[in-house]
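Right, one structure below, let's go through it.
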Amino acid sequence: MFDHKRSVQSCPNKKKQELGKLIVCVEDSNGDPANGALVIARKKDTKDKRKKKTEALTRHPKRPVKKGVGELDGVVHFGKDLKPGKYEVYLDGWNPEEKAKTVTVVANEKGRNRRNPHTTLILENKILRMYLDVHRDGQVDDEPADYGDWQWGENGLGAIIMVRTRKNDNIDERIELAFRWDAEKPEERQGWQARLRADEPGRIRVYSGRKKNAQALNNNPLDLTGLEKDADGRISLWIEAADFGADQQEESWRVMLTFTYTTPDKKEVEQRAQLRIAPWIMASDLDPTEKVFAPDGLNETEGINTFTSKAKNVEFIRTKKGKKLFNRDQIKSGFYSAPHYNLVACMTNLEEKHPINLSLPEDVGSIFEYTENEADIGKKSKYKPRESQDNGGNYLVTPPFDGYPFGRIIYGEGDGTKKCTWGNFLKTQLYQKPIVVNSGWLDVGHADEFLSIVPDRKNPNKYKVLIASVRLAFFMLYGAEKIRRENITGDDIYGIVRTAIQLNSSLTGNTEGIGKWKEAAEKNFGRLDASALPKNTYENIDYQANKAPDEAHNGRFEFIYKSNRAPDIKDFFNIPQAPKLSEAPSYCLVRVNTRDIIEKFFLNEPFGKYHYDTQVILDENEKILRRELPVTFEYLPVPLVLNFGAGGAVGVTGDSVNMLVINSPESTHCLIPKPFGPIVDGCYLFQEYIGLELGDMKLIVEFLNDPNFHIEDGEIHCGTNQIPVNDKKKWWEMEAGSKAQPRLVPPPLLSEVLGKAFPGEKPPDVDISVFDI
């Protein structure tokens, strides 16, 4: 910024002794005449302090000085004689209280040619300045934008720009970049220049307006001199981000703007302002839900609708039934926020092979299906889904914890082709640092097939990570056989279940194969009974099948038969081909002996090795989560029996981990796939265990039979989807990762498990001699 020096003289009036004359000389900082100034002088009334009045305008007796054009070498004559007294002299447009200089005009003495005292004024010249929403309140600031680095924190400085997310006429994501004269009544001066330059021009787009058809201004630097101005000479431009950050460096999210104003006398004034691109924040299943989607035309849909209606302020939306039923795979919801605009925005079209007709509500944006200006309509993002790992079912988000105010993303990958194309994008967000788990052992390969997270409402600020466990299923099956043989009923059944839980925990990290499992099971539950058992059967399934099983079926194992899996389960149990139900894929309820499941799926090769190897991977995944998440996250194994084909593992029993959770500050509702499984004392043992564990956390639990989802290798979480409540996330106030200190939390020892499970009581008689503790 530069200053103008103005010399002010008052000259005596020879004709009228009682009057004085005022001459103002305007000079630049080098002492050279500065033309084009409009000077005001007004009388300073010191007696009654009445409202000040302009006494003279800037005029030459013969040639008026035009506004903004100097014609007299910087000298301004007031063509009207002034009464003696004190005057304030200032440039038009300045606040006289701050910028004026007091000059005393005296009357000329008769017969003498005496000048008034000479006075020099130093005042700043009017220039064009740049304005942004530096203070992040959603409005352009009143002060010019001139700062260095963009800052985090509630009181940090720095404007925020957004990528366009909606195809609406008004691009609300754009922010205003204003240029204003630093005067209330600026003059249109000739000879000035103004340029705007971005250090990373490829990261932003500049437009002449906010409408989608506004002119794109692509030059860098951009010459502002000839741009359209309003009546006061001001210029308004609009900026949006061209894309999200390019890599995992904070610098790729920032753009420095440099505005240079050149005065008519070739002096340069420079302003700098750094912008940051807003990240996309993936929503968690535990974020309050506004809308729930489920495909129409299925029996399951009515059950999901009934369940959803019990949660407050949640809308249920039926989607068109397509070739693939899994709404979760098509989109993944998230939040997109800046001080001037915020909305729910989704990753969309994630299921490329079998797209689902899932139309987003009008108020929901899409972070990758936006168009650019008219010349770029139809342009797609550089990120394109290629594998099943790109589907929405492969993404989970933890609740917030120290250092991660909006949680961390969890997604799965595997060997070979099971890679997540979106993984790089998620990592570049720098805000919800992803945790990558091994999901390659699954046929579909989604993290939600073996993981989910629920709040422990009995213990505030604690959460349970539900993780599938084939080892727990193995011990519970052995326990079910003991219950059948010994006709155990009542509370003694829960003692058997607790023993199975403890055996499962104690064998975490076992490296001796499934033979060690068998040894532990036989020492605590006894050997399998070789006596004759009923024949294996099947029957057409009642869709609901939510009633308790008949006690006559104790010792039996039920599951939904899926005819599209290889190897074919019916051949294992010598049952005939299941009949086709009307307008439905082939499925039915198979009822076999629990002992047969143990022998054919766990003790028989190659399935025994498959289950053991799978559990090794699950244990490794749990170890990863324990290392990356704090101790406020505890772990709950959920029993699951698997079948294995060429593509990987799928559930034989219902995959209860794959549940729909509707969470709110008041309550948590869990709609859980019905697992069926072993029957004891007139109940499904897996279901009873899951219901008790989640109920103990004060969660509202319901089970739903979902055969249409199950036979397609998915469950309720896969079949539904959620749109969260539009809750503005002020991410700019909370820098992510700054306080995160991941720590390894090893699995508890068996002695610790026994102590927690039976405080003050004698634990059950568990043979721990088979364990290395």
Side-chain angles (χ1 to χ4, degrees), residues 1-2 36 38 66-69 92-93 124-134 138-147 159-164 169-242 255-275 277 340-341 372-376:
M1 185 174 295
F2 69 95
L38 177 63
K66 297 179 181 179
K67 288 185 178 183
V69 180
D92 184 27
E124 295 178 339
N125 187 29
K126 294 182 294 184
I127 65 173
L128 195 65
R129 295 184 182 274
M130 175 174 66
Y131 294 81
L132 281 160
D133 180 17
V134 175
Q139 302 293 328
V140 175
D141 296 336
D142 294 329
E143 301 82 26
D146 196 2
Y147 63 96
I160 295 170
I161 54 177
M162 304 177 77
V163 176
R164 195 189 316 179
D169 291 335
N170 205 46
I171 311 302
D172 296 317
E173 292 88 338
R174 292 177 187 167
I175 64 168
E176 184 179 7
L177 174 60
F179 299 89
R180 307 169 185 159
W181 295 94
D182 54 3
E184 295 178 2
K185 297 178 181 179
E187 293 300 308
E188 179 64 34
R189 306 181 60 197
Q190 295 182 359
W192 61 269
Q193 292 181 323
R195 300 184 308 280
L196 179 68
R197 179 174 59 84
D199 65 340
E200 295 288 345
R203 294 178 185 168
I204 63 170
R205 296 189 180 95
V206 182
Y207 296 90
S208 61
R210 203 171 194 177
K211 298 291 184 181
K212 69 177 182 180
N213 58 353
Q215 180 185 2
L217 308 172
N218 298 321
N219 292 339
N220 189 58
L222 175 64
D223 185 1
L224 276 65
T225 310
L227 296 183
E228 183 179 351
K229 307 170 184 64
D230 66 12
D232 293 322
R234 295 176 297 191
I235 302 170
S236 288
L237 304 180
W238 295 85
I239 300 182
E240 66 181 46
V255 180
M256 181 68 77
L257 296 181
T258 301
F259 173 61
T260 304
Y261 175 79
T262 305
T263 66
D265 55 355
K266 308 306 178 185
K267 305 298 180 181
E268 289 190 350
V269 182
E270 185 177 277
Q271 288 176 255
R272 298 171 73 244
Q274 192 175 60
L275 317 177
I277 302 169
H340 65 285
Y341 185 56
E372 316 303 340
N373 55 57
E374 290 185 357
D376 293 325

Is the shortest side-chain heavy-atom distance between [X] and [Y] below 4.5 Å?
{"X": "P144", "Y": "M130", "answer": "no"}
{"X": "T258", "Y": "D199", "answer": "no"}
{"X": "L257", "Y": "I204", "answer": "yes"}
{"X": "V206", "Y": "N218", "answer": "no"}

Let me confirm one number: the [atom1]-[atom2] distance from [X] to [Y], rounded to the nearest 0.5 Å.
{"X": "I161", "Y": "I175", "atom1": "CD1", "atom2": "CD1", "result": "6.5 Å"}
{"X": "E200", "Y": "L275", "atom1": "CD", "atom2": "CG", "result": "12.0 Å"}
{"X": "K229", "Y": "I235", "atom1": "NZ", "atom2": "CD1", "result": "5.0 Å"}
{"X": "L222", "Y": "L196", "atom1": "CG", "atom2": "CG", "result": "6.0 Å"}
{"X": "Q139", "Y": "Y131", "atom1": "CD", "atom2": "OH", "result": "15.5 Å"}
{"X": "T262", "Y": "E270", "atom1": "OG1", "atom2": "CD", "result": "10.0 Å"}

On a heavy-atom basis, which atom in [X] and which in [Y] lie closest, and how many Å separate them?
{"X": "Y207", "Y": "A214", "value": "CD2-O, 3.7 Å"}
{"X": "T225", "Y": "A194", "value": "OG1-N, 3.4 Å"}
{"X": "G202", "Y": "A242", "value": "O-CB, 3.3 Å"}

Is [X] reaching over with its side chain to a backbone N or O of [Y], donor-acceptor style, under 3.5 angstrom?
{"X": "D133", "Y": "G138", "result": "yes"}
{"X": "S208", "Y": "Q215", "result": "yes"}
{"X": "H340", "Y": "E173", "result": "yes"}
{"X": "T263", "Y": "K267", "result": "yes"}
{"X": "D141", "Y": "V134", "result": "yes"}
{"X": "W181", "Y": "G233", "result": "yes"}
{"X": "Q274", "Y": "M256", "result": "no"}

*Going by distance alone, is a donor N or O of one side chain under 3.5 Å from an acceptor N or O of the other, for E176 and S236?*
yes
*asked:* Set out, in order, the CA-CA distance, both residues' side-chain angles and the distance that settles side chain to side chain contact (heavy atoms under 4.5 Å, CB included) for R197 and T260, then state yes or no.
replied: CA-CA 8 Å; R197 179 174 59 84; T260 304; over 6 Å; no
*May I ask you to establish whether R272 and F259 are in a cation-pi arrangement, using a distance under 6.0 Å from NZ or CZ to the six-membered ring centre and at most 45° from the ring axis?*
no
*Salt bridge or not for D223 and R195, using N-O below 4.0 Å?*
no
_Taking E240 first and then R174, would you say they form a salt bridge - that is, a charged N and a carboxylate O separated by under 4.0 Å?_
yes
*Stepwise side chain to side chain contact (heavy atoms under 4.5 Å, CB included) check, L227 with L237*: CA-CA 10 Å; L227 296 183; L237 304 180; 3.9 Å; yes
*Please assess W238 against I171 for the test side chain to side chain contact (heavy atoms under 4.5 Å, CB included), listing each intermediate value before the final yes or no.*
CA-CA 10 Å; W238 295 85; I171 311 302; over 6 Å; no
*Whether over 12 other heavy atoms sit under 6.0 Å from E143 CD*: yes
*Begin with the C-alpha distance, continue with both residues' side-chain angles, and end with the deciding distance and a verdict on side chain to side chain contact (heavy atoms under 4.5 Å, CB included) for L177 and L132.*
CA-CA 5 Å; L177 174 60; L132 281 160; 3.5 Å; yes
_Centre-to-centre under 6.0 Å for Y261 and F179, is that the case here?_
no
